[in-house]
Each structure stands twice: as structure tokens, then as C-alpha cells.
2 protein chains.
Amino acid sequence: MAINSLMEDFSSLDTSSLVDKVEAKLVQLLKDQKLNVGDSIPKELELAERLGVSRTVIREALLRLRVMGLIESKKKKGAVITSPDIFGIISKSVNPHILDQATLKEMFELRLMLEIGMADFIFQRITPADIKELKQIVSKEPDATQDYLFNIEHEIAFHGKLYEITGNETLKKFQRMLLPVFDYVHHSGLLKKQVSIKRFVSHKGLVDIIESGSPEMFRNAMRNHLENHFSRLFE
Amino acid sequence: MAINSLMEDFSSLDTSSLVDKVEAKLVQLLKDQKLNVGDSIPKELELAERLGVSRTVIREALLRLRVMGLIESKKKKGAVITSPDIFGIISKSVNPHILDQATLKEMFELRLMLEIGMADFIFQRITPADIKELKQIVSKEPDATQDYLFNIEHEIAFHGKLYEITGNETLKKFQRMLLPVFDYVHHSGLLKKQVSIKRFVSHKGLVDIIESGSPEMFRNAMRNHLENHFSRLFE
DNA sequence: TTGTGCATTATGTATGACATAATAAAAATA
DNA sequence: TATTTTTATTATGTCATACATAATGCACAA
């Protein structure tokens, strides 16, 4: 079925340029030959000769793989296969000013889902040191009268720590990618006006639950904690 | 501050190639000039002249932007700014055979988080038609004796429908990206052996809750439904 | 053995040329 | 005049070649 859809793509949409085809061929090469990270691929000239295209085309195709993080090329050693840091890469291209508003709003939603869904991982992997650190962060919690930026920083510190506790690096990168988006969406006119800022479950409340509650309790508490955001999304 | 960090980058790590600099300059151009989607950017030759580099370099920089989905270039009209379909793009570079195992496992975890965290969005946006469709999918639920592939297909149909109900296109793309990863992780020796396949809350159970329950109930039920996966991650 | 320097090699950059496709302008026809 | 066809123009896509640059390894000398 994978092959079929591939064929379809090729037959139906033959608007593909030469570089497109070469790119596909190279990716397939990586897949087929089961090359491992660190292995090096043929030189540009060799590829050009073997595929019967100019070096320019090869270079463009390789460049694409490089941008996608599949390879890295050094001056003499040629190109070697790397394990792509996906989110690190797209972080570069996530530009709130360029992404369309619908996508931005959706990414905002994604963050809410993740923070609620991470409960089990927090409970599974948290250490006493983590709890201590959380408590320390919470102890510095600013009251509502405090200046705005400081509040933001505190939010990031607290929630960022939660992401960290999950021990999931990919998730952490995802959060870093979402941070500017979140901030942007929060302040642009994308969401409904915030009618009343109520703090339902506080950060301290969350920590208490982490310390002596259950994942289930945490999910509900976090959902409640994020109510201000949800209420701006829904009616 | 943005300028400072930029300077630092340039001074500390001047391993950046010409293309790197041009790329950064172009991205900055897009940001500064607040160009909207659909606006076209200067021609390659013009850029080459203005920045004092060869067309080769300009082309490579533009190509990077293209791979990142920031621009699209047509034969005559030049390049126009587009709203990048991030996940569509990285889907292409998500290759389970190339990603390292730690990342794969983490992406597996991400999926679990999302499916639990999506509860509120499902309840907020589901329509009677959706419920009807869900019931129809469930009615065809195969029993455990049925052939394996059919079971997989059914899983994808059901959970995919849930993603769809959230109305979040970005999430949907994210799922499509995760699908091959999920399958791969599930079958490779990455996770602990599956001791006993128990179906806790069934698909039908989930539908019942969607129809007459609450987000809170759904989260717990989904967590339970995914227990087989969780148990392979945790002890 | 250690270090310096040179040769080699593969990518990075520059330049010029032509192909191709999309658009606009001009010409031809009804 | 209106409409279609042809032609010209333009900007990207592809090719070819030459040279710059940096990393690697080898040879030679201290």
C-alpha cells in the first residue's frame, strides 16, 4: 500500500522537478540500504554521475536533506547521515508572524492537550529533587498585582519544569517551539477577550496533588488550572 | 536584545557559511517588512546584486526557505510567501529507520499524551453526525481472533476519527506524522514485551462516554484504554 | 616522537549559458 | 471591435566549468 500510494504520487503528479525525483531517490537510498547514523554517502560528483544529472541538481537535493536534518556535510569528509532533531529544525521555521492564524490557534490548543495528557509521565518519573524544586518555584509565586513580565517568567518556569519532569526531550523541544506561539496567540486578537482572570487551581495546588495525589487528580486539576485559556477558546 | 544575540552568534561562531548569513538576512527581511502571505519577494538576480553575492548562494538560501515552507517559487512570478505547513513538511523527514530510538520512544509517548488531553476538544466540537460515524466504526470492531492487519486498520479508523472530531488540523497532521512511528515502535524491540493483551475500556465504552459522559470521564477512560501501551513504557 | 608544511580531496562559491514555463504584448482572424 | 493565436519577454530551473576553502593525511625535518 505504501508502494501504491507512492506510484500514484508519481503518476498523478508528474509536475515534480528533477530535483524532486533525485531527492526521492536519495531518501529511498537511505531507507533501503539501512544506513546507520554516521555512515557517509557518496560524493556529489559520484552521485551526479550515477544518476545522470548535474552536480547542481544533486547539491539541491542534498541541501533539502540537510535542511530536513537527515544529513550533515563537512568540508572534506562528504555528507554523513544524522539523526534529525526534528523539532529543533522546525523551531527555526515556526515564525508566528508568518504562520497563519488558524494554525497558530491550533498550536495553542495542542499545548493545552499536552499539559493535561502528561500527567502519567510526571507521576511515573518525578524525583524528590524535582518536588523540592517545584516547591521552590511555587514559593516565589508572584501575586496578581505584580508586574506582568514577571508573571510570565514564573509561568514559564513552573510549566517548563513540569515538561522537564516528564523526561521527554522531544516534548521539551516541542514546548520550546510552542513558547513564542503561545505568547503571540495570547496577546493577539486571535482569541476571545479575557472576561475575568480567575485562578482556579493554583500552581501550589498542582504541586500538592503531584506530591500526594494521582495522575487522575492531576489531569482534572490541570484542566481547571488552564480554565482561563479554555474559556478564551470556547464560548 | 535580538540584535545582541545575533551579534554574539556571528562573533562567537563564525563557522557560518555565506549561505547561512544570507538565509538569516532573508528571514529577517520577511519578519521586518511584515510581508503578508501572497506577497512576492525580489528576484534572485536582484537579491544577488543587493546582497553582493552570487546567484548560487541566493538560490541555496531561497531553497532553504522553500524547504522550510516559508516561500513557494513559480516559474515566472518569482517567489511568494506562503504559510508553512510545518507538520506536512516534517512528515517527509520523519523516517523511523533514521530517527534514533530515544526520539522514537518519545514520540510514541507524545501520542498517548495527546489522546488523553484531547478530551475537552472532542466534547466541545463533536456533532451528532460524528457520533453516528463513531458508532458505525465501532459496530465493525473485530474480535481478538480476527486477523492482525484488520485490527490495526480498525484502530487507525477509530482513533483517527477522534483526532478529526477535535477539529484541529494541526493535530491531525501531527497524528499522520506519528502513525508510522507508532507502528514502528510498537513492533520493534524498543518497548518491553507485551505481557498480556487486555482490553480495558473498549472503543464502544469510549463512545458511550462521549455520548453521555464528561471530558473528565473520557480522560480516565482513554487512559485506561491505552493501558496496554502505558504498561509497555512503564514497569 | 612530535610538529610543521605540503598535497589532496570534497564541499562551498562564482560565473555564464541555455532550457522551460508563465505571463504579457502583439498580431491575426472572424 | 472582439477574440483567438502567435510571439516576445521574463524569472526560475538546469547544466557546465572554474576556482576558493577547509579538512585530512602523508612526508619530511627537528
Side-chain angles (χ1 to χ4, degrees), chain A residues 9-10 12-27 29-30 33 35 37-82 84, chain B residues 9-27 29-30 33 35 37-82 84 92:
Chain A
D9 283 354
F10 272 135
S12 65
L13 144 93
D14 203 289
T15 152
S16 60
S17 70
L18 234 185
V19 178
D20 289 327
K21 288 167 192 157
V22 171
E23 179 198 348
K25 226 174 181 96
L26 289 179
V27 170
L29 193 95
L30 299 196
Q33 308 226 347
L35 296 176
V37 172
D39 293 352
S40 58
I41 64 179
K43 338 285 175 197
E44 294 177 353
L45 279 174
E46 192 181 330
L47 285 172
E49 200 176 349
R50 258 167 53 180
L51 299 185
V53 295
S54 75
R55 189 177 156 221
T56 308
V57 171
I58 295 290
R59 273 187 67 76
E60 266 203 41
L62 286 180
L63 173 55
R64 291 191 188 177
L65 301 193
R66 204 155 61 230
V67 173
M68 295 192 299
L70 294 184
I71 64 172
E72 251 176 31
S73 35
K74 293 266 174 178
K75 264 290 165 66
K76 166 152 192 184
K77 199 81 189 225
V80 299
I81 299 183
T82 63
Chain B
D9 284 354
F10 273 136
S11 61
S12 65
L13 143 94
D14 203 285
T15 153
S16 62
S17 71
L18 235 186
V19 178
D20 288 328
K21 289 167 191 158
V22 171
E23 179 197 349
K25 229 177 177 90
L26 289 179
V27 170
L29 194 94
L30 300 197
Q33 308 227 347
L35 297 177
V37 171
D39 293 352
S40 59
I41 64 180
K43 339 284 175 198
E44 294 177 352
L45 280 174
E46 192 180 331
L47 285 172
E49 201 175 349
R50 257 166 55 179
L51 299 184
V53 294
S54 75
R55 189 179 155 220
T56 309
V57 170
I58 295 291
R59 272 188 69 76
E60 250 196 65
L62 286 179
L63 173 55
R64 290 193 190 176
L65 301 193
R66 205 155 61 231
V67 173
M68 295 192 298
L70 293 184
I71 64 172
E72 247 175 34
S73 36
K74 294 266 172 178
K75 264 290 163 68
K76 165 151 194 187
K77 200 77 189 233
V80 299
I81 300 183
T82 62
K92 289 178 59 181

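Since the structure is predicted, the reported quantities are computational estimates derived from the model, not experimental observations. Below, read A as the first sequence line, B as the second, and so on, with proteins coming before strands; counting in each chain starts at 1.
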**Request:** Hey, could you give me the CZ/CD distance between A:Arg55 and A:Glu49, rounded to the nearest 0.5 Å?
**Result:** 13.5 Å

**Request:** Send over the distance from B:Leu45 CG to C:dG16 C1', rounded to a whole Å.
**Result:** 11 Å

**Request:** Hey, could you give me the CD1/CG distance between B:Ile41 and B:Leu65, rounded to the nearest 0.5 Å?
**Result:** 7.0 Å

**Item:** Atom pair CG (B:Leu45) and CZ (B:Arg59), whose distance is rounded to the nearest 0.5 Å
**Value:** 10.5 Å

**Prompt:** Rounded to the nearest 0.5 Å, how far does CD1 of A:Ile71 lie from CZ of A:Arg64?
**Reply:** 12.5 Å

**Request:** Could you grab the distance from atom CD of A:Glu72 to atom CG of A:Leu62, nearest 0.5 Å is fine?
**Result:** 13.5 Å

**Nucleic acid contacts of residues 58-65 of chain B, taken as heavy-atom distances under 4.0 Å to DNA chain D** = B:Arg59

**Side chain proximity check, B:Val67 to A:Met68, heavy atoms < 4.5 angstrom** = yes

**For atom CD of A:Glu72 and atom C1' of C:dT11, their distance in whole Å** = 14 Å

Could you list the protein-to-nucleotides 15-19 of chain D atom pairs, N/O on both sides, closer than 3.5 Å?
{"unit_1": "D:dC15", "atom_1": "OP2", "unit_2": "A:Ser54", "atom_2": "N", "d": "3.3"}
{"unit_1": "D:dC15", "atom_1": "OP2", "unit_2": "A:Ser54", "atom_2": "OG", "d": "3.0"}

**Request:** Run through A:Val22, A:Val19, A:Leu63, A:Leu26 and flag the one making a side-chain contact (heavy atoms from CB on, under 4.5 Å) with A:Ile58.
**Result:** A:Val22

**Separation of atom NZ in B:Lys43 from atom P in C:dA22, rounded to whole Å** = 16 Å

**Asked** What integer distance in Å separates B:Ile41:CD1 from D:dT12:C1'?
**Response** 12 Å

**Test item: B:Arg66 and B:Ser73 side chains (from C-beta on) under 4.5 Å apart, heavy atoms** = yes

**Asked** With a 4.5 Å limit on heavy-atom distance, are the side chains of A:Glu23 and A:Asp20 in contact?
**Response** yes

**Prompt:** How long is the gap from CG on B:Leu51 to CG on B:Leu29, to the nearest 0.5 Å?
**Reply:** 8.5 Å

Hey, what are the protein-to-nucleotides 23-26 of chain D N/O distances that come in under 3.5 Å?
{"unit_1": "D:dT24", "atom_1": "O2", "unit_2": "A:Lys76", "atom_2": "NZ", "d": "3.4"}

**Asked** Roughly how many Å is it from CG in B:Leu51 to C1' in C:dT13, rounded to a whole number?
**Response** 15 Å

**Prompt:** Separation of B:Glu44 atom CD from D:dG13 atom P, in whole Å?
**Reply:** 6 Å

**Request:** Could you check how far NZ of B:Lys21 sits from C1' of C:dG12, rounded to whole Å?
**Result:** 13 Å

**Message:** Please give me the minimum heavy-atom distance between A:Ser40 and A:Lys77, naming the atom from each residue.
**Reply:** CB-O, 4.5 Å

